[in-house]
Amino acid sequence: MEGIRHKMVNVNGISMHVAEKGEGPVILFLHGFPELWYTWRHQILALSSLGYHAVAPDLRGYGDTEAPTAISSYSCMHIVGDLVALIDSLGVEQVFLVAHDWGAIIGWYLCLFRPDRVKAFVCLSVPFMPRKPQMKPVESMRLFFGDDYYICRFQEPGKIEAEIARYGASNVLKKIISSRKPGPPCMPKDNAFGIKPDTPITLPSWFSEEDLSYYANKFNKKGFTGALNYYRAFDLNWEQTAPWSNTQVKVPVKFIVGDLDSVYTTPGMKEYVNGGDFKRDAPMLDEVVIMEGVGHFINQERADEINSHIHDFIKNF
């Protein structure tokens with residue numbers, strides 16, 4: 001991680017940890033669950049060497065960034081507020097945005113609320129999810145996927161944290177990062193993460209024991225509650241974004257997903273991405289890239305290709 005600088009920035013009433021490298025136009029990288037700024041280590045080094053200022057925060061509740069206690073402090077309004085303040089602190093009007101998983105969800109909100117601050121958006125894994133006014137999202141997920149659907153299982157404060165504690169952060173992180181099971185992720189009541197003490201979990205070639213140790217140390221120190229509170233604020237986001245119902249996202253976008261990604265293989269998602277509805281909701285969608293044989297953690301599994309995809313898109317602006 002040679003040459004990556006670390007600093008603390010006061011944003012929107014909290015203290016945020018930021019990793020950065022390089023000079024030039026800013027690329028803001030937003031990580032997902034259960035990750036950290038560190039997920040972007042390959043992109044930070046590659047894009048900074050191409051004349052960009054790579055900036056990767058630990059989002060609210062993660063890593064070395066402050067973690068407020070109230071679930072209501074993890075709404076999309078709070079997180080986007082953090083990011084606008086971070087962009088302001090960098091002294092720039094606009095950034096290139098690259099985001100994955102929960103970072104992508106927040107990235108879509110940033111583009112929806114403040115398109116004036118985003119030059120272009122490279123979105124990994126999670127497409128835009130338009131607000132459905134008829135039903136709150138958690139109720140809808142429960143109806144479609146059942147009580148064991150992971151987002152439903154994450155709702156009760158303390159419960160999934162206790163299950164993580166039972167198996168240990170390192171084992172849980174290892175299981176999540178190495179998983180390549182398609183379809184909607186479900187978590188049985190008796191063993192949420194499917195961890196069997198007599199069956200060792202093998203890390204993929206692109207994620208080392210050193211990488212796992214970095215993640216585990218940070219999550220052991222911080223805990224998982226802040227990260228899980230994003231899921232617990234799903235319905236609050238739905239309430240707060242009522243004024244943006246049926247609003248298109250007017251930012252240039254390139255969307256990249258692996259064909260084995262659990263998001264892409266969730267029923268209805270392929271049809272949405274490829275059938276015209278995604279383009280309707282994000283009319284400046286420039287390109288959709290489906291990478292074959294790739295799972296969810298695409299920016300780590302295929303780092304060099306993702307670096308090229310990012311550069312090939314943002315160099316046009």
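Annotation: side chain of P57 is not in contact with side chain of W40 (no heavy-atom distance under 4.5 Å). Side-chain contact between D261 and I298 is absent, with no heavy atoms from C-beta onward closer than 4.5 Å. Residues T265 and L260 are not in side-chain contact: their nearest non-hydrogen atoms beyond the backbone lie 4.5 Å or more apart. Within the 4.5 Å cutoff, no side-chain heavy atoms of E20 are placed close to those of W37. In this structure the side chain of P184 reaches within 4.5 angstrom of the side chain of P267, judged on heavy atoms. Contact of the M16 side chain with the M8 side chain is not registered, since no non-hydrogen atoms from C-beta on lie closer than 4.5 Å. Using a 4.5 Å heavy-atom threshold, the side chains of T241 and R131 count as touching. A heavy-atom distance below 4.5 Å is found between the side chains of F255 and V257.
Taken to the nearest 0.5 Å, the CG atom of L97 stands 8.0 Å off from the CG atom of L83. Here the OG atom belonging to S49 is positioned 9.0 Å from the NE2 atom belonging to H311, to the nearest 0.5 angstrom. Atoms CD and CG, from E66 and D82 in turn, are 10.0 Å apart once rounded to the nearest 0.5 Å. Atoms CD and CE, on E301 and M291 in that order, are 8.0 Å from each other to the nearest 0.5 Å. Distance CG/L36 to CG/D58: 5.5 Å, rounded to 0.5 Å. To the nearest 0.5 Å, the span separating NE2 on H53 from NZ on K21 amounts to 11.0 Å.
A salt bridge does not link K136 to D235: none of the charged nitrogens lies less than 4.0 Å from a carboxylate oxygen. A salt bridge does not link E292 with R302: every distance from a Lys NZ or Arg NE/NH1/NH2 to an Asp or Glu carboxylate oxygen is 4.0 Å or more. Ion pairing of R153 with E163 is present here, as a side-chain N (NZ or NE/NH1/NH2) and a carboxylate O approach within less than 4.0 Å. Of the charged side-chain nitrogens involved, none lies within less than 4.0 Å of a carboxylate oxygen, so that R41 and E2 do not count as a salt-bridged pair.
Of the possible donor and acceptor atoms, one in the side chain of N237 sits under 3.5 Å from a partner among the backbone N and O of C76. Put simply, the side chain of Y74 gets close to the backbone of P68: a donor and an acceptor are under 3.5 Å apart. Of the possible donor and acceptor atoms, one in the side chain of N171 sits under 3.5 Å from a partner among the backbone N and O of Y167. The closest donor-acceptor contact from the side chain of S48 to the backbone of G22 lies at 3.5 Å or more, if one exists at all. The backbone N or O of E210 lies less than 3.5 Å from no partner atom in the side chain of S213, so there is not a single donor-acceptor pair. A donor-acceptor pair is defined here as one N or O able to donate and one able to accept, closer than 3.5 Å; no such pair exists between the side chain of S179 and the backbone of I176. With D259 contributing its side chain and G293 its backbone, the two residues share a donor-acceptor pair below 3.5 Å. At least one donor-acceptor pair closer than 3.5 Å links the side chain of Q155 to the backbone N or O of I151. A donor-acceptor pair under 3.5 Å is absent between the side-chain atoms of D277 and the main chain of V273, judged by distance alone. Without hydrogens or angle criteria, N191 side chain to G194 main chain gives a donor-acceptor distance under 3.5 Å.
When each of L124, V289, D286, V288 is paired with K254, the side-chain contact (heavy atoms from CB on, under 4.5 Å) condition holds for V289 and for no other. The one candidate from Y62, F219, F154 that meets the ring-ring contact (aromatic ring centres under 6.0 Å, His included) condition with F224 is F219. The only option from T65, N10, D64 that meets the side-chain contact (heavy atoms from CB on, under 4.5 Å) definition with S15 turns out to be N10.
Between F234 and W102, the gap from one ring centroid to the other is short of 6.0 Å.
Looking at every heavy atom in both residues, I87 comes nearest to L110 through CD1-CD2, 4.5 Å. Of all heavy-atom pairs spanning R60 and S73, the tightest one is NH1-O, 2.9 Å. Taking both residues in full, the closest heavy atoms of F121 and C123 are given as CZ-CB, 3.5 Å, listed atom of the first, atom of the second, then distance. Smallest separation of non-hydrogen atoms from T266 and G183: OG1-C, 4.0 Å. In this structure, P127 and W108 approach most closely via the heavy-atom pair C-NE1, 3.3 Å.
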Original post:
Passes side chain to side chain donor-acceptor pair (under 3.5 Å), Q43 versus N307? Steps please.
Top reply: CA-CA 6 Å; Q43 285 72 43; N307 297 343; 3.0 Å; yes

Original post:
How far apart are the C-alpha atoms of I164 and F193, what are their side-chain angles, what is the distance that settles it, and do they pass the side-chain contact (heavy atoms from CB on, under 4.5 Å) test?
Top reply: CA-CA 8 Å; I164 292 169; F193 299 97; 3.7 Å; yes

**OP:** Start with the C-alpha distance between F313 and F96, add both sets of side-chain angles, then the distance that settles side-chain contact (heavy atoms from CB on, under 4.5 Å), and finish with yes or no.
**Re:** CA-CA 10 Å; F313 186 57; F96 292 113; over 6 Å; no

**OP:** Please assess V122 against I256 for the test side-chain contact (heavy atoms from CB on, under 4.5 Å), listing each intermediate value before the final yes or no.
**Re:** CA-CA 8 Å; V122 178; I256 310 169; 4.0 Å; yes

Subject >> F128 and F278: CA distance, side-chain angles, deciding distance, ring pair (Phe, Tyr, Trp, His ring centres under 6.0 Å) verdict >> reply: CA-CA 7 Å; F128 182 63; F278 188 14; 7.8 Å; no

**OP:** Check step by step if ring pair (Phe, Tyr, Trp, His ring centres under 6.0 Å) holds for W244 and Y109.
**Re:** CA-CA 10 Å; W244 287 270; Y109 282 129; 8.8 Å; no

**OP:** Begin with the C-alpha distance, continue with both residues' side-chain angles, and end with the deciding distance and a verdict on salt bridge (charged side-chain N to carboxylate O under 4.0 Å, His left out) for E139 and K132.
**Re:** CA-CA 12 Å; E139 183 185 351; K132 294 181 171 58; over 6 Å; no

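The salt bridge (Lys or Arg N to Asp or Glu O under 4.0 Å) pairs that include a residue from residues 96-124 are D88-R117, R114-D116, where partners are two or more places apart or lie in different chains.
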Taking distance alone, no hydrogens or angles, what donor-acceptor pairs closer than 3.5 Å link side-chain atoms of residues 196-206 to residues at least two apart or in another chain?
none

What side-chain donor-acceptor pairs closer than 3.5 Å can you find for residues 28-35, not counting sequence neighbours?
{"unit_1": "H31", "atom_1": "NE2", "unit_2": "L59", "atom_2": "N", "d": "2.9"}
{"unit_1": "E35", "atom_1": "OE1", "unit_2": "T39", "atom_2": "OG1", "d": "2.9"}
{"unit_1": "E35", "atom_1": "OE1", "unit_2": "Y215", "atom_2": "OH", "d": "2.5"}
{"unit_1": "E35", "atom_1": "OE1", "unit_2": "Q300", "atom_2": "NE2", "d": "2.8"}
{"unit_1": "E35", "atom_1": "OE2", "unit_2": "T39", "atom_2": "OG1", "d": "3.4"}

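Linking Ile, Leu, Val, Met, Phe, Trp and Tyr residues whenever their side-chain heavy atoms come within less than 4.5 Å places M129 and Y272 in a single cluster. L236 and Y230 end up in different hydrophobic clusters when Ile, Leu, Val, Met, Phe, Trp and Tyr side chains are linked at under 4.5 Å. Under the 4.5 Å side-chain heavy-atom criterion for Ile, Leu, Val, Met, Phe, Trp and Tyr, L86 and V84 are members of the same hydrophobic cluster. Each of I71 and I14 belongs to its own hydrophobic cluster when Ile, Leu, Val, Met, Phe, Trp and Tyr are linked at side-chain heavy-atom distances under 4.5 angstrom. Taking hydrophobic clusters as Ile, Leu, Val, Met, Phe, Trp and Tyr residues chained together by side-chain heavy-atom distances below 4.5 Å, V138 does not share a cluster with W238.
Relative orientation of the H296 and H100 rings is tilted, given thresholds of 30° and 60° on the angle between their planes.
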